[in-house]
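A quick note: this is a predicted structure, and the numbers were derived from the prediction, not measured. Numbered from 1 within each chain, the chains take letters A, B, ... in sequence-line order.
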Amino acid sequence: EQLVESGGGLVQPGGSLKLSCRASRFTFTSYWMTWVRQAPGKGLEWLANIRQDGTEQYYADSVKGRFTVSRDNAENSVYLHMDNLRADDTALYYCARNGWYHDLWGQGTLVTVSS
Amino acid sequence: EIVLTQSPGTLSLSPGERAALSCRSSRSVGTYLAWYQHKPGQSPRLLIYDISHRAAGIPGRFSGSGSGTDFTLTISSLEPEDFAIYYCQERSNWPSFTFGPGTRVDIK
């Protein structure tokens, strides 16, 4: 069972970025999926969840209207599209499997928002 | 919105000692409380779910207790690999989640 994130990098304030998370060795379509981040020196922050079939998404207030979570079950992948990025979005972004709680995590992908 | 408060912020202990970490919520979260361990350079790991159930592969020295708004993670005898940051998390408003700010367990 594995989750592998990709897509992080350096982006200017106001810019956009799309993160990807590919799942393997478990039945992806059985699980909600989650994005969580950790800003430098800060704790964990839940960001977004998406239902197994992609029909429901839920967001933290801090990212609502700017971030969009989606999934492609044919590709065993979940995505986080981030718009209007700000300096305080700089963080390590994790995807996690959501079997009521987060029992499997990826290694994270680093997003740096800076000019 | 539920707010989780963890105390102490930092706990300095020696290997072999017992650790008791507290998590308090601003209102009842029922049984929907979990604990995670996070070490530098690693991904977080689920330790305890639904207050007191150990996740798969978690050693028996980790235990959870509590109810309503007050919860405790206890590590009965600290091993060197247990020095890390511990977060509580609630899901009473699932599928939304809230993490606490964390407690760092340092080697004394």
Heavy-atom side-chain contact between Val36(A) and Phe99(B) under 4.5 Å: yes
Pairs of heavy atoms under 4.5 Å with chain B: top-ranked of Tyr94(A), Tyr58(A), Trp46(A): Trp46(A)
pair Tyr101(A)-Tyr32(B): side-chain heavy atoms closer than 4.5 Å: yes
Interface moiety of Ala55(B) toward chain A, non-hydrogen atoms closer than 4.5 Å: neither
Cluster overlap Tyr87(B) with Ile58(B), hydrophobic side-chain contacts below 4.5 Å: no
Hydrophobic cluster identity match, Leu92(A) and Leu17(A), side-chain contacts under 4.5 Å: no
Side-chain touch Asn98(A)/Trp94(B), heavy atoms, less than 4.5 angstrom: yes
Which portion of Phe97(B) sits near chain A, non-hydrogen atoms under 4.5 angstrom: both
Side chain / backbone / both / neither for Asn49(A) at chain B, heavy atoms under 4.5 Å: side chain
Between His38(B), Arg91(B), Arg45(B), the one whose heavy-atom pairs under 4.5 Å with chain A are most numerous: Arg91(B)
Atom NZ of Lys39(B): over 12 foreign heavy atoms under 6.0 Å: yes
Chain B contact via Glu56(A) - which portion, at a heavy-atom distance below 4.5 Å: neither
Most contacts with chain A, counted as non-hydrogen pairs under 4.5 angstrom, among Ala56(B), Pro44(B), Gly100(B): Pro44(B)
Over 12 foreign heavy atoms within 6.0 Å of CZ, Arg104(B): no
Hphob cluster co-occupancy, Met33(A) + Trp105(A), side-chain heavy atoms under 4.5 angstrom: no
Leu33(B) portion near chain A, given a 4.5 angstrom heavy-atom threshold: backbone
Tyr79(A) reachable from Phe67(A) in the ILVMFWY side-chain graph, under 4.5 Å edges: no
More than 12 heavy atoms from other groups under 6.0 Å of CD on Glu1(B): no
Approximate separation, where rounding is to 0.5 Å, of Gln89(B) CD and Leu44(A) CG: 8.5 Å
Co-membership, hydrophobic cluster, residues Ile85(B) and Val105(B), 4.5 Å side-chain: no
